[in-house]
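Data first, discussion second: the structure below is written as structure tokens.
Side chains included, hydrogens not; waters and symmetry mates left out as well; all remaining heavy atoms used.
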Amino acid sequence: MEQKVMMLGNEAIARGAYEAGVKVSSAYPGTPSTEISEYLAKYGEVYTEWAPNEKVALEVSIGASISGCRSLSCMKHVGLNVASDPLYTFAYTGVGGGSVIVVADDPGLASSQNEQDTRMIARASHVPVLEPSDSGEAKEFMKLAYEISEAYDTPVILRTTTKLAHSQSAVTLGERTVPADREYTRQVGKYVMMPASAIGRHVYVEEREKRLAEDASSMALNRVEKGEGKIGFITSGVAYQYVKEVCPNASVLKLGMVNPLPKKLIEDFAKSVETLYIFEELEPVIEEQVRSWGIACVGKEVFTKQGEYSANLLRRVLFGKDHEIFAKAEAPARPPILCPGCPHRSVFSILNKLKLHAAGDIGCYTLGAVAPLSVIDTTVCMGASLSVLHGIEKARGKDFIKNWVAVIGDSTFLHTGVNSLINMVYNQSTATVLILDNRTTGMTGHQEHAATGKTLQGEDTYAIDLAHLCRSVGVPRVLEIDAFDVKNLEAAIKESVNGNVLTVIIAKAPCALLKGQKFPNVCVADAEKCKKCGACLKIGCPALTRKEDGTVKIDETMCNGCGLCRSYCKFDAIGLVGR
């Protein structure tokens, strides 16, 4: 008897990989893709790992594929930028065993620095893309992706989005089927992409893509749902769910393969309706191709390129802003903040006190850009903080960067910060770098990395020593300081920014939310001693508030007992009590 269960999209993707017989999976955590690997690690038959970055993850997957086994790599959309170097060449080499790259786009910027559209990269690299609309399809499309990968000798991208990754729907469970390992044979013309080989493989890629486009019109994952009305929609992914909710009687061409597009199927569908809407999140990838074929359609002139789509967006366009559903009150904005007890707050409070600017990186520490800490001046991409600061120094000189530091997390440093640090050493930088070592990959939900001493499965392994690593690449001055040792940390930063030697300061303290991490005490405010100066409030801890009389109150249910507020109270008005 069939067993149906409710699954998150990411859990269903992991289940699909398991059922498809994947043997090797490598990934770097990135919202909204992170949980795929965490779910997959629960299946002991699949080797799963955290790689230091997405480029390495894809290269590991390529190696497993070339050996003849099914492989997987997972990342978020900006991670595909890091992996694009091997991706473009992998499209040329093709696969041994089937290989799928799960890429999670983030419309609406829930946790990303841009809204790029993976379909654009897929078109440029000539890699087919499947896009499921719910968890059930996510599992089944994973299995289809491996069949397509092996049938057409190509890597396949499974594109998901934040909404799909983190929403639930029904999934029918199946058995794991592991195909026999494909025999490995040495093929220089296929796997060694020197120019002579690549010339021939480029022709192969073009022919493969043409064949895929022709075959796509008869693939079951692209389907026409004939309706009663005169309007029709071409859509895919989660956007399909909004079309069905708002226009259940409309004709719909639901695309499961969004690259390459099934031209004949689209042409036939367009002839069957009077008005054709293209309803797709982010870039007009489908729309531009459809228009180029001379097919009239309505797209981004009425639907936005920005943000996450919704049923209400479709209602506004079709029925106007006076629709009854828009009378509901909108929820108030709730910006993210650093958690109580976060060691980053301690570091940022010192930078704020010293009136320093910080070149920032990707991670929780981007939250130091806003008031009241207001120290992060730049955020570009993973590992960029060091390179940006180096560029500032070379452009403006040492005197200018006496007011600057770079901040980067431990996981991000191992991701791409190491290369930037090597560049600083090689090109004689004298800047100050702060590695905020909270012993985890924090913003994505506390994943292990190469310096934590644990694998994805929680097994003990060698832990990279960040201080030794920095010294080994030639950094002349490396300091390790407790992130909550405000006095010594402030002194070290002052000395470094006014010095003339490249310095790395590793501010060490575990993330306050790590399992097992607990301060033994909580902070309490003494209203009688409080002078109402507000010095403790400048650190921006959400556990601290001001009462009507101006004195400070500490919410003991929120306080993690780090004691940072005590460091800024000159009147001994904040004490510690046991939990």
Return yes when atom [atom1] of [X] has more than 12 non-hydrogen atoms of other residues, nucleotides or ligands closer than 6.0 Å, and no otherwise.
{"X": "Lys553", "atom1": "NZ", "result": "no"}
{"X": "Lys305", "atom1": "NZ", "result": "no"}
{"X": "Met120", "atom1": "CE", "result": "no"}
{"X": "Lys494", "atom1": "NZ", "result": "no"}
{"X": "Arg396", "atom1": "CZ", "result": "no"}
{"X": "Glu45", "atom1": "CD", "result": "yes"}
{"X": "Lys402", "atom1": "NZ", "result": "yes"}
{"X": "Gln428", "atom1": "CD", "result": "no"}

Measuring only between side-chain heavy atoms, which start at C-beta, is [X] closer than 4.5 Å to [Y]?
{"X": "Leu489", "Y": "Ile505", "answer": "yes"}
{"X": "Met142", "Y": "Val102", "answer": "yes"}
{"X": "Leu456", "Y": "Glu448", "answer": "no"}
{"X": "Leu367", "Y": "Ile337", "answer": "no"}
{"X": "Thr34", "Y": "Met443", "answer": "no"}
{"X": "Met424", "Y": "Leu386", "answer": "yes"}
{"X": "Val60", "Y": "Ser73", "answer": "no"}
{"X": "Val486", "Y": "Leu564", "answer": "yes"}

Between [X] and [Y], is there a side-chain N and carboxylate O pair less than 4.0 Å apart?
{"X": "Asp460", "Y": "Lys454", "result": "yes"}
{"X": "Arg159", "Y": "Glu281", "result": "no"}
{"X": "Asp549", "Y": "Lys547", "result": "no"}
{"X": "Arg439", "Y": "Asp437", "result": "yes"}

Got a second to check how far [X]'s [atom1] is from [Y]'s [atom2], nearest 0.5 Å?
{"X": "Tyr568", "Y": "Cys533", "atom1": "OH", "atom2": "SG", "value": "13.0 Å"}
{"X": "Leu80", "Y": "Ser125", "atom1": "CG", "atom2": "OG", "value": "7.5 Å"}
{"X": "Ile493", "Y": "Ile481", "atom1": "CD1", "atom2": "CD1", "value": "7.5 Å"}
{"X": "Ile376", "Y": "Leu351", "atom1": "CD1", "atom2": "CG", "value": "7.5 Å"}
{"X": "Leu58", "Y": "Cys74", "atom1": "CG", "atom2": "SG", "value": "11.0 Å"}
{"X": "Arg70", "Y": "Ser25", "atom1": "CZ", "atom2": "OG", "value": "14.5 Å"}

Stepwise side chain to side chain contact (heavy atoms under 4.5 Å, CB included) check, Ser71 with Ser99: CA-CA 5 Å; Ser71 66; Ser99 189; 3.0 Å; yes
Ignoring hydrogens and angles, tell me if any N or O in the side chain of [X] forms a donor-acceptor pair with the backbone of [Y] under 3.5 Å.
{"X": "Thr455", "Y": "Glu459", "answer": "yes"}
{"X": "Ser472", "Y": "Leu469", "answer": "yes"}
{"X": "Asn352", "Y": "Val375", "answer": "no"}
{"X": "Arg345", "Y": "Gly368", "answer": "no"}
{"X": "Arg477", "Y": "Val501", "answer": "no"}
{"X": "Ser135", "Y": "Ala12", "answer": "no"}
{"X": "Thr89", "Y": "Pro86", "answer": "no"}
{"X": "Asn53", "Y": "Thr416", "answer": "no"}
{"X": "Thr48", "Y": "Ser37", "answer": "no"}
{"X": "Asp117", "Y": "Glu283", "answer": "yes"}

Audit row: Gln116, Val78, side chain to side chain contact (heavy atoms under 4.5 Å, CB included) steps and yes/no: CA-CA 7 Å; Gln116 75 185 47; Val78 287; 4.0 Å; yes
Taking all atoms of both residues into account, what is the closest heavy-atom pair of [X] and [Y], and its distance?
{"X": "Ser429", "Y": "Ala431", "value": "OG-N, 3.1 Å"}
{"X": "Thr441", "Y": "Pro29", "value": "CG2-CG, 3.9 Å"}
{"X": "Ala525", "Y": "Val552", "value": "CB-O, 3.3 Å"}
{"X": "Ile157", "Y": "Ala122", "value": "CD1-CB, 4.1 Å"}
{"X": "Pro32", "Y": "Lys76", "value": "CD-CB, 4.4 Å"}
{"X": "Thr551", "Y": "Cys530", "value": "CA-SG, 3.8 Å"}

Do we see a donor-acceptor contact under 3.5 Å between the side chains of [X] and [Y]?
{"X": "Asp555", "Y": "Thr557", "value": "yes"}
{"X": "Asn500", "Y": "Thr430", "value": "no"}
{"X": "Tyr28", "Y": "Ser411", "value": "yes"}
{"X": "Glu11", "Y": "Gln168", "value": "no"}
{"X": "Asp106", "Y": "His77", "value": "no"}
{"X": "Asp105", "Y": "Thr118", "value": "yes"}
{"X": "Glu54", "Y": "His415", "value": "yes"}

Derivation of the side chain to side chain contact (heavy atoms under 4.5 Å, CB included) call for Ile408 and Ile435: CA-CA 5 Å; Ile408 189 169; Ile435 299 177; 4.0 Å; yes
Worked check of side chain to side chain contact (heavy atoms under 4.5 Å, CB included) between His449 and Thr452: CA-CA 6 Å; His449 60 69; Thr452 66; 3.6 Å; yes
Whether Phe400 and Trp404 hold their rings parallel, tilted or perpendicular, with breakpoints at 30° and 60°: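 Answer is parallel, since the angle falls under 30°.
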Parallel, tilted or perpendicular: rings of Tyr365 and His344 (30°, 60°):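 Taking Tyr365 first and then His344, their aromatic rings stand perpendicular (interplane angle over 60°).
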